[in-house]
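Since the structure comes first, as structure tokens, the remarks are kept for the end.
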Amino acid sequence: MAYWLFKTEPDVFSIDDLRTRKNKTEHWDGVRNYQARNFMRDEIKLGDLVLIYHSNARPPGIAGVAEVIKEAYPDHTQFDKKSKYFDPKSTKDKPRWFMVDIRFKEKFKSYISLDELKNFPQLKEMLILRKGNRLSITPVDKKHFEFIKKHGNLSKSSI
DNA sequence: GCCAACGTTGGC
DNA sequence: GCCAACGTTGGC
């Protein structure tokens with residue numbers, strides 16, 4: 001089993017949106033970056049766990065955990081002319097973009113802001129903390145995932 | 001809103 | 001295949 005971090009803008013789609021979706025499930029469409037696409041298509045497996053990161057938020061940070069419940073399949077929005085994710089160069093025979101489905105697992109009792117993440121020496125190797133990292137999907141080390149999950153489930157008053 | 005740090009596109 | 005121009009991301 002592997003661990004990942006997915007970025008999302010909470011104004012567009014937040015962890016609460018995921019939690020309140022039917023079956024607490026959503027397909028992760030709209031990824032239009034080849035490196036992120038390759039992670040989804042080739043490496044993200046059923047049962048993998050995903051940190052949900054709120055970007056362009058105040059403050060940005062990690063909000064909780066989701067689980068992969070369906071492996072890569074073609075992202076339908078690439079064929080939809082009305083979608084902002086429409087890709088005229090993609091064909092149904094050879095789809096260019098893929099998505100996975102995830103299900104809400106938990107929302108952290110204490111949201112972990114980017115500032116806090118930066119202050120943990122244990123996390124300094126995390127890809128998300130590297131300068132200029134814009135990848136919307138990144139692999140996460142097991143030790144980092146477990147540290148974050150543990151921290152996220154401390155109650156606010158104990159921090 | 002600014003802008004650094006990317007990633008992509010397209011002319012050559 | 002190079003690289004300038006352009007577009008996007010995302011923290012601040």
Side-chain angles (χ1 to χ4, degrees), chain A residues 2-21 26-44 48-66 68 71-102 104-141 143-145 147-149 151-152 154 156 159:
Chain A
Y3 304 90
W4 306 92
L5 180 145
F6 287 10
K7 290 182 190 171
T8 180
E9 297 189 32
D11 290 348
V12 181
F13 187 79
S14 72
I15 193 156
D16 286 326
D17 293 324
L18 180 63
R19 182 173 52 81
T20 54
R21 277 291 190 278
E26 188 57 279
H27 43 259
W28 208 255
D29 63 74
V31 172
R32 294 295 180 270
N33 168 285
Y34 288 103
Q35 218 180 329
R37 187 276 313 265
N38 292 347
F39 282 138
M40 285 202 294
R41 190 191 56 193
D42 305 333
E43 296 189 42
I44 298 182
D48 283 0
L49 295 177
V50 177
L51 296 171
I52 301 297
Y53 179 88
H54 283 174
S55 63
N56 266 321
R58 283 193 300 276
I62 297 175
V65 180
V68 176
E71 293 180 6
Y73 62 109
D75 177 344
H76 57 84
T77 62
Q78 70 197 301
F79 307 120
D80 178 1
K81 284 200 171 97
K82 289 187 295 244
S83 169
K84 67 184 260 202
Y85 298 120
F86 177 65
D87 183 346
K89 292 182 182 166
S90 184
T91 65
K92 294 207 173 178
D93 284 347
K94 285 187 83 176
R96 179 181 288 191
W97 305 112
F98 291 83
M99 61 188 181
V100 299
D101 288 357
I102 63 171
F104 174 86
K105 203 161 163 63
E106 63 177 331
K107 180 177 177 178
F108 288 153
K109 282 187 216 144
S110 41
Y111 180 84
I112 312 176
S113 72
L114 181 59
D115 269 350
E116 291 178 85
L117 292 170
K118 285 176 178 166
N119 282 330
F120 289 120
Q122 296 93 326
L123 301 179
K124 69 176 194 298
E125 305 294 327
M126 275 192 84
L127 291 174
I128 188 74
L129 301 178
R130 298 235 178 115
K131 187 178 179 183
N133 183 357
R134 308 182 340 180
L135 252 191
S136 63
I137 293 179
T138 48
V140 172
D141 285 353
K143 62 178 186 286
H144 294 152
F145 178 89
F147 181 88
I148 288 165
K149 180 173 155 60
H151 191 84
L154 297 173
K156 286 193 175 73
I159 295 176

Hey, are A:T77 and A:R32 close enough side-chain-wise for a donor-acceptor pair under 3.5 Å?
yes
Measure up the A:H76 and A:H27 rings against each other and bin them: parallel (under 30°), tilted (30 to 60°), perpendicular (over 60°).
perpendicular
Mind telling me whether A:Y111 and A:H54 have parallel, tilted or perpendicular rings, with 30° and 60° as the class edges?
tilted
With side chain to side chain contact (heavy atoms under 4.5 Å, CB included) as the test, pick out the partner of A:L5 among A:I148, A:L127, A:I128.
A:I128
Letter per nucleotide, 5' to 3', of nucleotides 5-12 of chain B [B base touched, S only sugar-phosphate touched, - untouched; heavy atoms, 4.0 Å]
BBSS-S--
Between A:F120 and A:H151, how do the two ring planes meet: parallel, tilted or perpendicular, split at 30° and 60°?
perpendicular
